[in-house]
Chemist: 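What follows is a structure written as structure tokens; I'll ask about it next.
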Amino acid sequence: KLISIISVSFVASPIFANSASDNKSAQSASINIKSQPNIVLIYADDIGYGDLSSYGAKQVNTPNTDTLAANGIRFTNAHSAAATSTPSRYGLFTGEYPWRRRGTGVANGDAALIINPDRVTLPKVLQQMGYTTGAVGKWHLGIGDKSGEQDWNGHVTPGPAEIGFDYSYIMAETGDRVPCVFMENQRVVNLNPNDPIHVSYKENFEGEPTGKDNPELLTKLHPSHGHNQSIVNGISRIGYMKGGRSALWEDENIADSITVHATRFIERNSDKPFFLYFGTNDIHVPRYPHERFRGVTEMGHRGDAIVQFDWSVGEIVKALKKAGIFENTLIIITSDNGPVVDDGYHDGSVEGLMDHKPWGPFRGGKYSNFEAGTRVPFIVHWPERVNPNVSPALISQIDMTATMAVLTGFEKTDKIPDDSQNQLNAWLGIDISGRDYIISSAGSLSILTRVWKYIEPSSGRSYNPLTNTELGNSSDDQLYNIVTDRSEYENVADKNPQIVEEMKKLLDFEKKK
Ligand code: NG6
Ligand code: CA
């Protein structure tokens, strides 16, 4: 639908000139592929474009991920919907751009579920097509129906089940936010009813230590900015909690715990099609990898967490092979946003960075409008269907819902938001062009074609000294030629007023939808 509107009003526009190739022909050559592979989405946290050795990293080795990249398609122009976690995940599961909806910014630890259970979602589409669906690991979409007044001591609903997951084993919120507990099918795991959990994002509970007042209790990590409230297992967090002692996680065991729950899900469901969303905690802060990974790189905890991430990938592969379903499983590996080195804890990552470039050849990082905010690794591996390749196609995670719907034969595609396009041909390596354009959100909205990138003016600051991030905000129009200047150093808006006009027009057209 979208394509036709665009081609009517914008087809002659100079913003689409010099595109990699004509994707119309690729689109009409659409393969007839309706089939039901198992689908495993490995969703890394904060892994940047340059963080994997398959994407050029030299100081850290990610052999398990690299093997999938070498035997699958490695995308070089793939984007998350936003430059932070919650909005990217919202876009991923709903197929709707997060900037269309309020309340999709980084969710607090006591936020209610931000996805309306009446929506058609990626897991619901797959459920309807007969898949068993599971969500394991980082969630960060809120849970329950009462922001700020959650009772964590019973069945917390709505949550993963209400948006389409048959099974869930999730971190209640994020690694750096209380409550620091796992929830299995929306109940806190290992909770002792005599020691109930209390959570507040407003004030501390009497007598409970904090990172701010009791730094002597920080046995594992000290905050560099923020993260100085409740202390859980020697690390201070965002928010206050008390109780739930038997349920608290140990940060060094998170990767093991979620990986085992992911592989068990695979084992249990290997005889019928399943969809596994595996959101890793790595490499988000607080980074405190298991001792078998701590020190394996010379890059501090951030490098070690990348190796731990790669270990998890290897375990998933092993489980699929053991179950005999590796060949017919579609594995997608990508990340929720770009990289950040110091996101709030002293963990040796700044000192250990050396020549490593988490952002690859791009400018910015997590939180940024510049490319490194949303241009992320993206690997598609499916031995039965996909020939190894490197693809320059412009693709976005926003398309996952529509693309998987078409792949699996879901017919009510009109229920999926227009933002989500069927890009199956691009995702399977048949079409090397991909989308005509995508919109990403960070401090501002950016619109990216295969040649041009336009960033809307905003009043935000241009640099965050705490995270050392160039945010890409400016009160001026910014236009970059992403082909000749992929690092976005030369703003050519003044030289190309007509292109700026066209890009703005297209963005306005999208906003009005
Ligand atoms: C920020 C946190 C940061 C991280 C981020 C969300 C502070 C000072 N910073 O507010 O540490 O949690 O939110 O990251 O609190 S995300 O990858 O989950 O979006
Ligand atoms: Ca993230």
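For reference, positions follow the sequence shown, starting with 1. Both counts, for ligands and for their atoms, begin at 1 and track the order of listing. Just the heavy atoms: all of them, side chains too, but no hydrogens, waters or symmetry mates, feed the values below.
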Chemist: For Arg245, does the CZ atom have more than 12 heavy-atom neighbours from other residues, nucleotides or ligands under 6.0 Å away?
Modeler: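 Incorrect, the count does not exceed 12.
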Chemist: The criterion is side chain to side chain contact (heavy atoms under 4.5 Å, CB included); which residues satisfy it with Lys318, sequence neighbours excluded?
Modeler: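 Scan of Lys318 (side chain to side chain contact (heavy atoms under 4.5 Å, CB included), adjacent residues dropped) gives Glu315.
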Chemist: Checking side-chain polar atoms at under 3.5 Å, does Ser88 have a donor or acceptor matched by the opposite partner on Gln397?
Modeler: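 There is no such pair between these side chains.
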Chemist: For a quick test of reading the model, state the closest non-hydrogen atom pair linking Ser396 to Ile438 and the distance between them.
Modeler: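 Looking at all heavy atoms of both residues, the shortest contact is CB-CG2, 3.8 Å.
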Chemist: Please identify each residue that fulfils side chain to side chain contact (heavy atoms under 4.5 Å, CB included) with Tyr463, with sequence neighbours left out.
Modeler: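 By the side chain to side chain contact (heavy atoms under 4.5 Å, CB included) rule, Tyr463 matches Pro465, Asn468, Glu470.
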Chemist: Write down, by chain and number, every protein residue that brings a non-hydrogen atom to less than 4.0 Å from an atom of ligand 1.
Modeler: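 Contacting ligand 1 under 4.0 Å are Asp45, Asp46, Thr84, Ser85, Val106, Lys138, His140, Asp176, Arg177, His225, His227, Ile238, His284, Val285, Asp336, Asn337, Asp343, Lys366, Tyr367.
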Chemist: Counting the benzene-type ring for Trp, do Phe93 and Phe165 have ring centres under 6.0 Å apart?
Modeler: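 Yes, ring centres under 6.0 Å apart.
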Chemist: Please assess Arg486 against Tyr480 for the test side chain to side chain donor-acceptor pair (under 3.5 Å), listing each intermediate value before the final yes or no.
Modeler: CA-CA 8 Å; Arg486 63 181 175 175; Tyr480 300 97; over 6 Å; no
Chemist: With Tyr345, which of His301, His222, His227 fulfils ring pair (Phe, Tyr, Trp, His ring centres under 6.0 Å)?
Modeler: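 Result: among His301, His222, His227, His227 is the only option passing the ring pair (Phe, Tyr, Trp, His ring centres under 6.0 Å) with Tyr345.
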Chemist: Fit a plane to each ring of Phe182 and Trp249, take the angle between them on a 0 to 90° scale, and name the class: parallel (under 30°), tilted (30 to 60°) or perpendicular (over 60°).
Modeler: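 Tilted.
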Chemist: Tell me, which protein N/O/S atoms are under 3.0 Å away from the Ca ion (ligand 2)?
Modeler: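 Protein N/O/S atoms under 3.0 Å of the Ca ion (ligand 2): Asp45 OD1, Asp46 OD1, Asp336 OD1, Asp336 OD2, Asn337 OD1.
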